[in-house]
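This report concerns only the one structure given below.
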Amino acid sequence: MTPAEPLDPAFFARPADKVARALLGALIVSRLEGETAIGRIVETEAYVGPHDPASHAAERIGRTRRNETMFGPPGIAYVYRSYGVHWCLNAVTDTADYPAAVLIRAIEPIVGLDVMRLRRWGRRSRGPDTAIGSGPGKLTAALGITGALDGHSLDREPLFFAPGKRVHSRRIETSARIGVTKASDWPLRFVVVGSPHASR
């Protein structure tokens, strides 16, 4: 599979909730560690700006070393470690100096299944393919994404987003975000209806 040209940074220069919806069906292309792995995005979450109390860059927190990337230009990666264990991939959105981003919550593996299985489970044990990228930390492990890519422009090698299959609005479910305590009822999680690859 040869993906189309990367998404232009202008794609991300919109409010995070609009980008989160539009990213469903798009591809993440990883050519890290000499391997090609591609996943189709099936679940996202939006963090819509400093007025969003669940955001890493909420007004009460301000600009810090950890969230500095969120203040960068749209179309770059914000990669952080969750609970000191898992890397999480976000796409920065909106405009520079306005901290907003989309968390990529789940992917459907498309290309490079063997390398994704190896990265996730090693040589001896393995789970179902539907679990390869069914969570933010799972998909980064499968794609080989680490904090070294924080600030990376998502329109170039070795990690970029590309157009995929458009998901019709009727096939998009909206719900509250997962694992947040503040603004937990804001309907900013978007998932492809019925996808077996979405997080549980």
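One-based numbering along the sequence shown. The basis for the numbers below is simple: all heavy atoms, side chains too, and nothing from hydrogens, waters or symmetry mates.
Note that NZ of K165 is 9.5 Å distant from CG of L27, once rounded to the nearest 0.5 Å. Taking CZ from F161 and CD1 from I28, the interatomic distance works out to 4.0 Å, rounded to the nearest 0.5 Å. Interatomic distance, NZ of K18 versus CG of L23, reported as 14.0 Å (0.5 Å rounding). From F12, atom CZ reaches atom CG of D155 across 8.5 Å, with rounding to the nearest 0.5 Å.
Taking the charged nitrogens against the carboxylate oxygens, K182 and D52 have no contact shorter than 4.0 Å, which rules out a salt bridge. Of the charged side-chain nitrogens involved, at least one lies within less than 4.0 Å of a carboxylate oxygen, so that R119 and E33 count as a salt-bridged pair.
Using a 4.5 Å heavy-atom threshold, the side chains of P99 and P50 count as touching. By the 4.5 Å heavy-atom criterion applied to side chains, Y47 and L103 are counted as neighbours. Within the 4.5 Å cutoff, the side chain of R117 has heavy atoms near those of the I132 side chain. I145 has its side chain within reach of L159: a pair of non-hydrogen atoms, C-beta onward, lies under 4.5 Å apart. The side-chain heavy atoms of R177 and S184, taken from C-beta on, include no pair separated by under 4.5 Å.
In this structure, H86 places its NE2 atom where only 12 or fewer heavy-atom neighbours from other residues, nucleotides or ligands lie under 6.0 Å away.
In this structure, R170 and V193 approach most closely via the heavy-atom pair O-CG2, 4.4 Å. Across L143 and S30, no two heavy atoms sit closer than the pair O-OG, 2.7 Å.
By the 30° and 60° cut-offs, the orientation of the rings of H51 relative to Y98 is tilted.
L89 and V192 fall within a single hydrophobic cluster, where Ile, Leu, Val, Met, Phe, Trp and Tyr side chains are chained together by heavy-atom contacts under 4.5 Å. Hydrophobic clustering, with ILVMFWY side chains joined whenever heavy atoms are under 4.5 angstrom apart, keeps Y78 apart from I61. In this structure, L149 is not a member of the same hydrophobic cluster as M70, with clusters built from ILVMFWY side-chain heavy atoms closer than 4.5 Å. Cluster membership for I76 and I104, using ILVMFWY side-chain heavy atoms within less than 4.5 angstrom, is not shared. The hydrophobic cluster containing I110 does not contain L118, counting ILVMFWY residues as joined when their side-chain heavy atoms lie under 4.5 angstrom apart, directly or transitively.
Side-chain rings of Y80 and H56 approach one another, their centers coming within less than 6.0 Å.
There is a side-chain donor-acceptor pair under 3.5 Å between T174 and R21.
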Point to revise | Test log, rule side chain to side chain contact (heavy atoms under 4.5 Å, CB included), inputs V42 and E108 | key: CA-CA 7 Å; V42 297; E108 173 188 354; 4.0 Å; yes
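For E59, there are no salt bridge (charged side-chain N to carboxylate O under 4.0 Å, His left out) partners, not counting sequence neighbours. When the salt bridge (charged side-chain N to carboxylate O under 4.0 Å, His left out) test is applied to E43, the partners found at least two apart in sequence or on another chain are R105, R189.
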